[in-house]
Novice: 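My questions all concern the structure below.
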Amino acid sequence: MQNRAFPIDRFAFPPLLKAASKASALSEGRMIHGLGVKLGYGSDPFVETALVGMYAACGLISEARFVFDKMSHRDVVTWNIMIDGYCQSRLFDNVLALLEEMKSSNTEPDQRIFTTILTACGRVGNLDIGKVVHGFISESNIVIDSHLHSALLNMYASSGDMDMAQSLYDKLEPKNVVASTAIISGYSKVGNVEAARLVFDEMVDKDLVCWSAMISGYSESDKPQEALKIFHEMQQYGIKPDQVTMLSVISACAHLGALDQAKKIHLFVDEIGFGKALPINNALIDMYAKCGSLEEAKEVFLRMRRKNVISWTSMISAFAIHGDVDNALKYFQKMKFEKNVGPNWITFVGVLYACSHAGLVEEGKKLFESMVNEYGITPRLEHYGCMVDLYGRANRIEDALKLVETMPMAPNVVIWGSFMAACRQHAEFELGEFAAKRLLELDPDHDGAHVFLSNIYAKEKRWENVGAVRQFMKNKGISKERGLSMIEMDNEIHEFLTADKRHKRMDEIYAKLEEVVEKLKKAGYDPNTNSVMVDLDEDEKREVILWHSEKLALCYGLIRKEKQSCIRIIKNLRICEDCHNFMKLASKVFDREIVVRDRTRFHHCKDGLCSCKDYW
DNA sequence: CTAGGGTTAG
């Protein structure tokens, strides 16, 4: 229009500014602002309203307010946009102040404004402000329509107050997809995916968003098989997934850890045309890493034309869980030279984790300091968790404890759990007892802490204490989480529990186990029952250890998988010392690559050695 | 200007 010397009227400006808002294009927005003023539209209320929106969307909230304040005519839309701006900048005190100002200037706040505010509160989990706004609504004469009702419900649901959300849902008639979806994701987020499923099954009209919410619910609740099941069911109803759906599906594959399944999903996202999307590729990096293929994760990463902080963080974390500290740190350095990509707090979790799993105490300390001093990132619980882990694993128990005692926030279950694990590993039983007790104050049902206490007491022959712990566990129905290993074969997942007898080829598997033990013994295998601290006699201990789930999975792999192919095992708990040794020897004796994913990292065993260098 | 699903996280 400008090139043709075409007269531009004021009506062109609001949509232009809206485009700038959506693209967060500040310099273009300013140019349009300048042009508008030049053409004499600077005090047109519609243009001014759009300017408020543009500056707010670009994060310049005080500039938005400046335009807002000098307006001579503000309608309800102007107020709403200004309030929305404060919501996006999370300045909720300004939101409340502006609401009051609005009332005193004779503009009544309407449902839409409240919907906007409540949605923002939900997004950031600000229950306090949400409740205040709820109070305003109840006191006023505003009619609660279905949008506002859903926004209220969603605010409570996404802040974790499911009692309130459910009671609002009960009052809502008729139900609608939006409200039901909010309830589904609310229940999923508080860990009650079963309740989410009940609501889901009740729904008559299911759309893509609610299917995605259910898939994500299962994926986030560490029920990847359920997530994949419901994803296939959705497709049978003829509903086509979009990118958001696929992100949850890919994440489910990552949780599952099954590489063949993962490759199939990768092919699928390529087929439906999402193969070049940045978030999809980020998820794929993580998926391949968690399915044990660092090579394929790297391949995805290197092929990406654009990379953001999530791409780099995923790649760094990938190296970390595979024990490749050198590359984790190298990529962290490389990242510094990328334009527009700075590390965030999750990136630091990745590099600190890498240091902790490699025993690089000094390097980790330096990184932690640079995070604060160079990058201005305030350490979170997760970072302290990494640091406690870093010291603890490296047998610097005193340093670990000092950190727990001096960190600026209260230690949570994770922190005490990490410290307790360090005490167990380094036989610091007195401090271990202390840690276990702190842990139980926060989570009285923590199975690991009870088992550890019982084992400490048994070791010190304090039989009365042992009895008390066992009785407590029995009364409350707490038991040690049972070991569970998985192996993928012909597109099927085979699961084995400790001492499992359910598999249809169990006889063969146990026979194979005996054969394997014999062969390994000739190569120097000596059962190590150190990790079994319960008061069993030595023969019983050996039996317990022999039937650990990963050994059963390994034997099944040796029976079924063709010679020299890689055997991949996924385990729910951490691998014990004996199994670790078993896997290493087996990799040599049977000339196989054996990859085990335990609760926190990968072990690549080859030629009798493990990638973790026996530090895990 | 108005309601629901998303990738990285011990």
Side-chain angles (χ1 to χ4, degrees), chain A residues 18 49-50 52-53 75-85 87 110-119 122 145-155 157-158 172 176-186 188 207-217 219-220 241-251 254 277-287 289-290 308-318 320-321 343-350 352-353 356-357 380-390 392 412-415 417-419 421 599-601:
Chain A
K18 211 163 143 184
T49 299
V52 172
D75 66 2
V76 70
V77 177
T78 315
W79 286 95
N80 199 357
I81 288 182
M82 192 63 235
I83 288 177
D84 190 25
C87 285
D110 65 358
Q111 297 161 340
R112 293 165 174 159
I113 288 187
F114 288 117
T115 305
T116 299
I117 302 170
L118 289 168
T119 304
D145 66 355
S146 78
H147 273 211
L148 184 50
H149 197 118
S150 304
L152 262 173
L153 185 159
N154 180 55
M155 188 273 294
S158 45
L172 180 69
N176 63 63
V177 231
V178 175
S180 302
T181 306
I183 285 280
I184 288 170
S185 71
S188 302
D207 66 358
L208 175 61
V209 177
C210 81
W211 281 98
S212 301
M214 199 62 241
I215 293 167
S216 152
S219 176
E220 292 290 290
D242 67 1
Q243 288 192 22
V244 175
T245 317
M246 291 318 295
L247 289 176
S248 293
V249 173
I250 296 168
S251 168
L278 174 66
I280 293 282
N281 279 289
N282 290 342
L284 288 173
I285 294 171
D286 179 61
M287 177 186 77
K290 291 195 175 131
N308 65 5
V309 60
I310 298 180
S311 326
W312 286 93
T313 302
S314 301
M315 200 58 233
I316 289 167
S317 308
I321 59 172
N344 64 14
W345 69 273
I346 302 173
T347 318
F348 277 97
V349 171
L352 292 175
Y353 184 88
S356 130
H357 281 260
R380 296 198 183 212
L381 254 170
E382 287 87 344
H383 300 116
Y384 288 103
C386 289
M387 294 308 288
V388 170
D389 209 48
L390 177 74
N412 67 352
V413 176
V414 175
I415 301 277
S418 171
F419 183 69
R599 175 161 264 183
T600 58
R601 63 167 296 158

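What you see below is based on every heavy atom in this structure, not just the backbone, and it leaves out hydrogens, waters and symmetry mates. Labels below follow one simple rule: chain letters A, B, ... track the order of the sequence lines, proteins then strands, and each chain is numbered from 1.
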Novice: Would you classify A:Val349 as touching base, sugar-phosphate or nothing, given that sugar-phosphate means primed atoms plus P, OP1 and OP2, and contacts are heavy atoms under 4.0 Å?
Specialist: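 Contact class for A:Val349: sugar-phosphate only.
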
Novice: Reckon A:Thr245 touches a base, only the sugar-phosphate, or nothing at all at heavy-atom distances under 4.0 Å?
Specialist: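 Base: the residue A:Thr245, judged by heavy atoms under 4.0 Å, touches a nucleobase.
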
Novice: Within the structure shown, what part of the strands sits under 4.0 Å from A:Ser314 by heavy-atom distance: base, sugar-phosphate, or nothing?
Specialist: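 A:Ser314: backbone/sugar contact only, no base atoms under 4.0 Å.
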
Novice: So, using side-chain contact (heavy atoms from CB on, under 4.5 Å) as the criterion, who are the partners of A:Thr313 when residues are at least two apart?
Specialist: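 Once residues adjacent in sequence are excluded, the partners of A:Thr313 under the side-chain contact (heavy atoms from CB on, under 4.5 Å) criterion are A:Val309, A:Ser317, A:Asn344, A:Ile346, A:Thr347.
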
Novice: Would you tell me whether A:Asp389 and A:Ser356 have side-chain atoms, one donor and one acceptor, within less than 3.5 Å of each other?
Specialist: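 The criterion, which ignores hydrogens and geometry beyond distance, is satisfied for A:Ser356 and A:Asp389.
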
Novice: Base, sugar-phosphate, or nothing for A:Leu118, non-hydrogen atoms under 4.0 angstrom?
Specialist: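 A:Leu118: no heavy atom of the nucleic acid under 4.0 Å.
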
Novice: Regarding A:Asn281, tell me which of base, sugar-phosphate or nothing describes its non-hydrogen contacts under 4.0 Å with the strands shown.
Specialist: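 Contact class for A:Asn281: none.
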
Novice: Establish, from distance only, whether the side-chain atoms of A:Ser219 and A:Ser248 form a donor-acceptor pair under 3.5 Å.
Specialist: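 Side chains of A:Ser219 and A:Ser248: no pair found under 3.5 Å.
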
Novice: Using a 4.0 Å heavy-atom cut-off, does A:Asn154 contact any base of the nucleic acid, only the sugar-phosphate backbone, or nothing at all?
Specialist: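 Answer is sugar-phosphate: A:Asn154 comes under 4.0 Å of backbone atoms only.
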
Novice: Return yes if some donor-acceptor pair links the side-chain N/O of A:Asn281 with the main-chain N/O of A:Ala277 below 3.5 Å, else return no.
Specialist: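 Yes; judged by distance alone, with no hydrogens or angles, the pair exists.
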
Novice: Under 3.5 Å, side chain of A:Asp207 to main-chain N/O of A:Cys210, donor-acceptor pair present?
Specialist: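 Confirmed, A:Asp207 side chain pairs with A:Cys210 backbone.
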
Novice: What nucleic acid atoms does A:Thr181 come within less than 4.0 Å of, heavy atoms only: base, sugar-phosphate, or nothing?
Specialist: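 Result for A:Thr181 = base.
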
Novice: Checking all strands, does A:Asp207 fall into the base, sugar-phosphate, or nothing category for heavy-atom contacts under 4.0 angstrom?
Specialist: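 Result for A:Asp207 = base.
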
Novice: Reckon A:Trp211 touches a base, only the sugar-phosphate, or nothing at all at heavy-atom distances under 4.0 Å?
Specialist: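 Nothing, no nucleic acid heavy atom in range.
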
Novice: Regarding A:Asn282 and A:Ser311, is there a side-chain donor-to-acceptor distance under 3.5 Å anywhere?
Specialist: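 Yes, because at least one side-chain N or O of A:Asn282 sits under 3.5 Å from a partner of the opposite role on A:Ser311.
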
Novice: Could you tell me the boundaries of the chain A footprint on DNA chain B, defined by atoms under 4.0 Å from its heavy atoms?
Specialist: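 Result: B:dC1 to B:dG10.
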
Novice: How would you label the contact of A:Asp286 with the nucleic acid (heavy atoms, under 4.0 Å): base, sugar-phosphate, or nothing?
Specialist: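 Since only primed, P, OP1 and OP2 atoms lie under 4.0 Å of A:Asp286, the category is sugar-phosphate.
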
